[in-house]
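Comments concern the structure below.
First the proteins, then the strands, lettered A, B, ... as listed; each starts at 1. Small disclaimer: the values here were computed from a predicted structure and weren't measured.
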Number of protein chains: 2
Amino acid sequence: MENFLRLLRSKGFKLTPQRRAIIAALLSCAPFPTAQDIHRHIRQTAPDVSLDTVYRNLALLIRLGTVNQVNLPGGSAFEIVAGHHHHHLICLACGRAECIDYCPVITADLAQAEDRGFTVVSHSLEFYGYCRDCRPAG
Amino acid sequence: MENFLRLLRSKGFKLTPQRRAIIAALLSCAPFPTAQDIHRHIRQTAPDVSLDTVYRNLALLIRLGTVNQVNLPGGSAFEIVAGHHHHHLICLACGRAECIDYCPVITADLAQAEDRGFTVVSHSLEFYGYCRDCRPAG
DNA sequence: ATTCCTGCAAACCATTTGCAATCAT
DNA sequence: ATGATTGCAAATGGTTTGCAGGAAT
């Protein structure tokens, strides 16, 4: 939390209660909250935060590089950029995501891309399947 | 094309001109057309195909397993399920996608997931960067 | 005092749906 | 004849934007 506030201050952004609430929610919420999840979570303690403010602040944090946006069917989810690189397990039944440390991608292997003049700067890798709770019986 | 028609017929679906046009577009269009791309492409030769029909038929083809849906920021793109497994290079500037044959994922390595009771059935891997045309000067 | 932020409401865009008419079988 | 399929138009749901008032610096 302190890191976020420091970063915002250093760039000249103001520390409003709404902004604090949104960051707090990101830190305490489910692993991959949507904007609406965050809004719902905040409502309990700070009903005076509108949904568009949530969107605006998420956009700001993304611009500052401290939050990642994950494209899911039907909308986007967000996560704090963790210290370490990781990927996600996404349940096809309930839609929940979990982090997984496995990452087999070796940038040096991407000669094919370079050969075609494509410069790779990042990648996203999601695993789809069924979580413990949704695992089909049998 | 014949494969598609055979599949549809065998499942009791009707072969309408709209349906043929949509499949033809999928086969001839850019690599990862959105629903709107397909609609625009079709308009030239068959103006009598509405956008919702494009959506409905894409949904049908996805249900039949012959078309993949790729989630991109701002919407979905579609591709015919090719014979071989592959991934995509996505340009952060122009949004275009290209196929790449590289895939480092080894399902056997996903012990972490299995340990947590998560059954992996598939994965998606996208590389982000800049294509030849958009490569930042310098 | 200045500049940034916010809430509201309306706009937007992709996608979905209800319905009556139409078409492939 | 029958049931699937279509076009239309309206609804939906996530996200963005314009604007005027309000808050942090």
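- Put simply, Thr53(A) has no side-chain N or O that comes within less than 4.0 Å of OP1 or OP2 on dC5(C).
- A donor and an acceptor atom, one from each side chain of Thr53(A) and Gln18(A), are nowhere located under 3.5 Å apart.
- Here the P atom of nucleotide dA4(D) and the NZ atom of Lys11(B) are 15 Å apart, to the nearest Å.
- Between Leu60(B) and Gly75(A), the residue anchored nearer the 5' end of DNA chain D, judged by the nucleotide with its closest heavy atom, is Leu60(B).
- The residue among Arg20(B) and Leu51(B) whose nearest nucleotide of DNA chain C lies closer to the 5′ end is Leu51(B).
- Residue His39(B) contributes atom NE2, which lies 12 Å from atom C1' of dC8(D) at whole-angstrom precision.
- Summarising the geometry, the separation between CG on Leu5(B) and P on dA24(C) is reported as 14 Å, rounded to the nearest angstrom.
- Counting to the nearest Å, the P atom of dA23(D) and the CG atom of Asp48(A) are 11 Å from each other.
- Among the nucleotides dT15(D), dC5(C), dG7(C), the one closest to any side-chain atom of Val49(A) is dG7(C).
- Regarding contacts with the backbone of dG7(C), a side-chain N or O of Gln18(A) is found under 4.0 angstrom from either OP1 or OP2.
- Phosphate contact (OP1/OP2 of dT15(C), side-chain N/O of Tyr55(B), threshold under 4.0 Å): present.
- Using a 4.0 Å heavy-atom distance criterion, Arg56(B) is classed as a base contact.
- For Ser76(B) and dA14(C), the shortest distance from a side-chain N or O to OP1 or OP2 is not below 4.0 Å.
- Within the 3.5 Å criterion, the main-chain N or O of Ala24(A) finds a donor-acceptor partner in the side chain of Ser28(A).
- Side-chain contact of Glu98(B) with His87(B): a donor-acceptor pair under 3.5 Å is absent, judged by distance alone.
- A straight line from CD of Gln36(B) to P of dC13(C) spans 10 Å, rounded to a whole angstrom.
- Take the nearest nucleotide of DNA chain C for Asp52(B) and for Arg19(A): the residue whose nucleotide is more 5' is Arg19(A).
- Across the protein-nucleic acid pair, Arg63(A) atom CZ and dC4(C) atom P stand 12 Å apart, rounded to whole Å.
- Protein atom CD1 of Ile22(B) is 12 Å distant from nucleotide atom C1' of dG7(D), rounded to whole Å.
- Ring geometry, Phe127(B) versus Tyr102(B): the interplanar angle falls from 30° to 60°, so the pair is classed tilted.
- Annotation: the span from Leu27(A) atom CG to Met1(A) atom CE amounts to 6.0 Å, rounded to 0.5 Å.
- Distance CG (Asn57(A)) to C1' (dA23(D)): 14 Å, rounded to an integer number of Å.
- Among dT3(C), dT5(D), dT15(C), the nucleotide with an atom closest to any side-chain atom of Lys14(A) is dT3(C).
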